[in-house]
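First the structure, in the form of structure tokens, and then the observations on it.
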Amino acid sequence: MTIPRNLLPGLALAAALAASSAHAAAAPSCEAIGHAVSAALGPVASVTDNTAKVHALRAKAPYAVLRACDVHMPGHRIPLQVTIDAPVPRMYVQSMARFAAATGRHAQKLDGAAYGDLAYLIPQMGGGDAVDALVGDEALSVGYWTQAAQTRAMARHIVALMK
């Protein structure tokens with residue numbers, strides 16, 4: 001039986017979404033992510049689970065949002081943002097580093113198993129740093145207003161939850 005060409009993209013998206021739903025049950029909860037951030041940075045004021053809202057916003061993406069959390073820290077008006085998506089190809093994380101370099105922000109590759117299979121520390125345009133990491137086919141994005149050492153520490157703690 002031959003599959004019409006116009007159905008192939010839809011089938012690929014359906015396969016990706018089916019694979020991602022298998023990951024969702026294993027993704028750490030926002031509460032666990034809050035504990036990991038607390039272990040890296042100190043007390044957390046609160047944690048908000050935005051997974052359903054962000055998933056709806058990215059409904060047409062070829063990957064699913066497994067977890068989207070805002071971690072509110074005392075003394076900061078802007079929460080830390082943590083997202084875990086899957087299935088994400090290695091090329092996606094590499095493209096984030098290339099985009100940063102193209103905009104004058106040079107990403108630093110993070111080595112070692114504590115950061116997953118591939119990770120970059122990426123300076124943010126408004127200040128602070130983020131880490132984009134790949135653990136298997138799950139992508140972690142964490143940070144934004146934190147500085148390099150804090151962001152690396154958060155990433156190590158969250159990657160440990162993901163393994």
Side-chain angles (χ1 to χ4, degrees), residues 1-30 32-33 36-37 40 49-71 79-126 128-146 148 150-163:
M1 178 172 144
T2 305
I3 298 174
R5 289 185 125 179
N6 60 350
L7 288 180
L8 290 177
L11 291 174
L13 179 60
L17 291 175
S20 67
S21 63
H23 289 277
S29 68
C30 283
I33 288 170
V37 170
D49 187 340
N50 297 317
T51 305
K53 182 175 20 173
V54 174
H55 184 70
L57 291 172
R58 296 186 190 172
K60 295 186 189 255
Y63 53 85
V65 177
L66 302 182
R67 205 64 70 216
C69 312
D70 284 347
V71 181
L80 294 167
Q81 295 175 336
V82 179
T83 59
I84 300 173
D85 304 315
V88 177
R90 186 176 186 87
M91 172 176 55
Y92 174 80
V93 174
Q94 292 168 327
S95 70
M96 298 302 287
R98 283 194 300 274
F99 175 75
T103 57
R105 301 169 294 121
H106 298 287
Q108 172 192 355
K109 187 172 182 185
L110 300 175
D111 292 322
Y115 297 109
D117 301 319
L118 175 68
Y120 291 95
L121 178 71
I122 302 175
Q124 299 301 286
M125 287 186 193
D129 294 289
V131 166
D132 283 312
L134 194 63
V135 179
D137 65 350
E138 295 180 0
L140 165 68
S141 181
V142 60
Y144 305 113
W145 55 257
T146 52
Q150 296 170 312
T151 309
R152 286 192 307 264
M154 283 189 299
R156 284 192 306 267
H157 281 84
I158 296 169
V159 165
L161 289 175
M162 294 171 68
K163 289 185 173 183

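Values in this document were obtained by computation on a predicted structure and should not be read as measured data.
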So, taking the atom named OG in Ser141 and the one named OH in Tyr120, what distance separates them when rounded to the nearest 0.5 Å?
14.5 Å
I would like to know whether Leu80 and Thr146 meet side chain to side chain contact (heavy atoms under 4.5 Å, CB included); could you show each step before the answer?
CA-CA 8 Å; Leu80 294 167; Thr146 52; 3.4 Å; yes
If only atom types and distance count, is the side chain of Arg105 paired as donor or acceptor with the main-chain N or O of Pro123 below 3.5 Å?
yes
Ala36 and Leu161: which non-hydrogen atoms are nearest, and at how many Å?
CB-CD1, 3.8 Å
Where do Ala130 and Tyr144 come nearest, in terms of heavy atoms and distance?
CB-CE2, 4.0 Å
Please tell me if the side chains of Val131 and Ile122 come closer than 4.5 Å, counting only heavy atoms from C-beta onward.
no
Kindly indicate, with the supporting measurements, whether the criterion side chain to side chain contact (heavy atoms under 4.5 Å, CB included) is fulfilled by Glu138 and Leu66.
CA-CA 9 Å; Glu138 295 180 0; Leu66 302 182; 3.8 Å; yes
What residue among Gln150, Arg156, Met154 forms side chain to side chain contact (heavy atoms under 4.5 Å, CB included) with Arg152?
Arg156
CD1 (Ile84) and CE (Met162) are apart, to the nearest 0.5 Å, by 4.5 Å
Please evaluate residues Leu118 and Gln94 with respect to the criterion side chain to side chain contact (heavy atoms under 4.5 Å, CB included), reporting the C-alpha separation (whole Å), side-chain torsions for both, the decisive distance (0.1 Å), and the verdict.
CA-CA 8 Å; Leu118 175 68; Gln94 292 168 327; 3.7 Å; yes
SG of Cys30 to CG of Asp70: how many Å apart, nearest 0.5 Å?
8.5 Å
Would Val82 and Leu140 count as a side chain to side chain contact (heavy atoms under 4.5 Å, CB included) if you check the C-alpha gap in whole Å, the side-chain angles of each, and the deciding distance to 0.1 Å?
CA-CA 7 Å; Val82 179; Leu140 165 68; 3.8 Å; yes
Working to the nearest 0.5 angstrom, can you tell me the gap between Trp145 CH2 and Gln81 CD?
11.5 Å
Can you measure from CE (Met96) to CG (Leu134) and round to the nearest 0.5 angstrom?
12.5 Å
Do side-chain atoms of Thr51 reach the backbone of Ala68 as a donor and acceptor pair under 3.5 angstrom?
yes
Return yes if some donor-acceptor pair links the side-chain N/O of Lys163 with the main-chain N/O of Ala113 below 3.5 Å, else return no.
yes
Side-chain donor or acceptor of Asp137 paired with backbone N/O of Pro87 under 3.5 Å
no
Distance in Å, Asp129 CG paired with Leu121 CG, rounded so as to fall on 0.5 Å steps
4.5 Å
Flag, side chain of Asp117 to backbone of Gly136, donor-acceptor distance under 3.5 Å:
yes
Here the pair of heavy atoms bringing Ala64 nearest to His55 is CB-CE1, 4.0 Å
Heavy atoms, side chains only, cut-off 4.5 Å: are Val37 and Ile158 in contact?
yes
